[in-house]
Asker: 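Let me give you the structure first, and then I'll get to my questions.
Below, read A as the first sequence line, B as the second, and so on, with proteins coming before strands; counting in each chain starts at 1.
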2 protein chains.
Amino acid sequence: MVTRNTKQKEFVLNNLKNRYDHPSSQKLYDDAKKQGIEIGKVSIYRILNNLVKEGLVCKIVTKDNVAHFDFVRKNHIHLVCNNCNRIFDKNFDNDEKLTKLINDFNISMQDVILYGICKDCKQTINSSKQ
Amino acid sequence: MVTRNTKQKEFVLNNLKNRYDHPSSQKLYDDAKKQGIEIGKVSIYRILNNLVKEGLVCKIVTKDNVAHFDFVRKNHIHLVCNNCNRIFDKNFDNDEKLTKLINDFNISMQDVILYGICKDCKQTINSSKQ
DNA sequence: CTCTTATTGGAAATGATTTTCAATAAGAAA
DNA sequence: TTTCTTATTGAAAATCATTTCCAATAAGAG
């Protein structure tokens, strides 16, 4: 099975490489259309799943059941806001306890996801309380 | 708005209190049927969402897009297997770096989720390699 | 240039979850 | 206990992200 290079594969990988906002499949699709790139939704799903299998891209599912994707980079973990469902990168170099877990359970930094309420939402929620 | 006690609410909360396997809504529904408890699927979804809002129960979405639920208990985090999608509890008392994050981002221990490959799957995957 | 087959993409299927809304029942008040 | 208000339930239908199917397309080896 020889893999082939296609403009669709190139678009998905390059797009993810050049952004830091953890887009959903739908967002990638919209961006492709905006840029005039011919690509079907199915192909985006398929290409993303392959990239995840290859380990080049990681998949983060937010609590609204939408998958988000991120080109794998080093030394950061993900913070997911349970309110706005945005995903934030957080620098986090190895610490002792997490390293121990990594040895037990086959995880890497980009597999560490913390769910909470981001600063923006915390502010909005507080100021809406009378 | 006065809340009312119902056998459906009681079933969902007590069932979650007495188990440690992080069931999905479907699993809760099957168990109710098995126990002869009259409850519709919609009610399970609705009751679970309310318990999550109240902070009594936490919701963990696995990468197969299925939500799992856990009665909130102290001092543990969750490990999710990306292969079998099972969820494991892991004792993990406060450590310095995570505590710092908790202050920045409004998270608590049960919001810490690590995705990886569990020991069982690691073994299966390794032994299936020729 | 030809040919094989990896890849694409629209349509349809899937499956978890949510919405709608009429029927039911909890529990306060009489 | 009975009545009455309305919170709650649950079946059917809708929603929505994602996957499957499969015929048409195109990468790139020969």
Asker: Without decimals, in angstroms, what is the distance between B/Phe11 CZ and D/dT8 P?
Answerer: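 Checked: the CZ to P distance equals 19 Å.
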Asker: Rounded off to whole Å, could you give me the CZ-to-C1' distance for the A/Arg46 and D/dC21 pair?
Answerer: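 It is 11 Å, rounded to the nearest whole Å.
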Asker: Side chain of B/Lys9 only, please: which of D/dT9, D/dT20, D/dG10 is the nearest?
Answerer: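 That would be D/dT9.
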Asker: With a 4.0 Å cut-off, would you call A/Arg19 and A/Asp70 a salt bridge?
Answerer: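 No salt bridge links A/Arg19 with A/Asp70.
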Asker: Short question: side chain of B/Lys59, backbone of A/Lys63 - any donor-acceptor pair under 3.5 Å?
Answerer: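 Looks like yes, one N/O pair under 3.5 Å.
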Asker: Nearest-nucleotide wise, let me know which of B/Val2 and A/Gln26 is further upstream toward the 5' end of DNA chain D.
Answerer: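 Going by which nucleotide is closer to the 5' end, it is B/Val2.
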Asker: Give one of base, sugar-phosphate or nothing for B/Glu38, where a contact means two heavy atoms less than 4.0 Å apart.
Answerer: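 Since only primed, P, OP1 and OP2 atoms lie under 4.0 Å of B/Glu38, the category is sugar-phosphate.
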Asker: Could you tell me whether the side chains of B/Asp89 and B/His22 share a donor-acceptor contact shorter than 3.5 Å?
Answerer: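 A pair is found: one side chain offers a donor N or O, the other an acceptor, under 3.5 Å apart.
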Asker: Hey, does B/Ile44 reach any base, or is it just sugar-phosphate, or nothing, if we go heavy atoms under 4.0 Å?
Answerer: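 It contacts nothing in the nucleic acid.
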Asker: Describe the nucleic acid contact of B/Ser24 in one word from base, sugar-phosphate, nothing, applying a heavy-atom distance below 4.0 Å.
Answerer: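 Result for B/Ser24 = nothing.
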Asker: Return whichever of A/Asn49 or B/Thr3 has its heavy-atom-nearest nucleotide of DNA chain D closer to the 5' end.
Answerer: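 Closer to the 5' end of DNA chain D: B/Thr3.
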Asker: Whole angstroms only, please: what is the OH-C1' distance between B/Tyr29 and D/dA11?
Answerer: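 Nearest whole value for this atom pair: 10 Å.
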Asker: Which comes earlier along DNA chain C counting from the 5' end, the contact point of B/Lys7 or that of B/Asn65, where each point is its nearest nucleotide?
Answerer: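 Closer to the 5' end of DNA chain C: B/Asn65.
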Asker: Would you check if A/Phe105 and B/Lys90 make a side-chain contact, meaning some heavy-atom pair closer than 4.5 Å?
Answerer: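 No; the side chains remain at least 4.5 Å from each other.
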Asker: Whole Å only: how far is the CZ atom of A/Phe69 from the C1' atom of D/dA17?
Answerer: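 In whole Å, D/dA17 C1' lies 11 Å from A/Phe69 CZ.
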Asker: How long is the straight-line distance from CG of B/Asn14 back to CD1 of B/Ile37, given to the nearest 0.5 Å?
Answerer: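 CG of B/Asn14 is found 9.5 Å from CD1 of B/Ile37.
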Asker: Grab the CG-P distance between B/Leu48 and D/dG10 for me, whole Å please.
Answerer: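 So the two atoms are 13 Å apart, to the nearest Å.
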Asker: Do the non-hydrogen side-chain atoms of B/Asn15 and B/Leu28 ever get within less than 4.5 Å of each other?
Answerer: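 Yes. Closest side-chain heavy atoms under 4.5 Å.
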Asker: So, does A/Asp111 use its side chain to make a donor-acceptor pair with the main chain of A/Ser108 at under 3.5 Å?
Answerer: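 Side chain of A/Asp111 to backbone of A/Ser108, a donor-acceptor pair under 3.5 Å: yes, one is there.
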Asker: Taking OP1 and OP2 of D/dT9, is either one under 4.0 Å from a side-chain nitrogen or oxygen of B/Thr6?
Answerer: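 Checking D/dT9 against B/Thr6, a side-chain N or O does come within under 4.0 Å of OP1 or OP2.
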Asker: Can you pull the contact range of chain B along DNA chain C, 5' to 3', using atoms under 4.0 angstrom from its heavy atoms?
Answerer: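 Range of nucleotides within reach of chain B: C/dA16 to C/dG27.
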Asker: Within this structure, what is the CG-to-C1' distance between A/Asp64 and D/dC16, rounded to whole angstrom?
Answerer: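 About 11 Å, once rounded to whole Å.
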Asker: Can a side chain N or O of A/Tyr45 be found less than 4.0 Å away from OP1 or OP2 on D/dT18?
Answerer: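 A/Tyr45 to D/dT18 OP1/OP2: side-chain N or O found under 4.0 Å.
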Asker: Take A/Ile39 and A/Met1, find for each the nucleotide of DNA chain C with the closest heavy atom, and name the residue whose nucleotide sits nearer the 5' end.
Answerer: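 Per heavy-atom nearest nucleotide, the more 5' residue is A/Met1.
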Asker: Atom NE2 of A/His68 and atom C1' of D/dT18: how far apart are they, to the nearest Å?
Answerer: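 After rounding, the gap between these two atoms is 14 Å.
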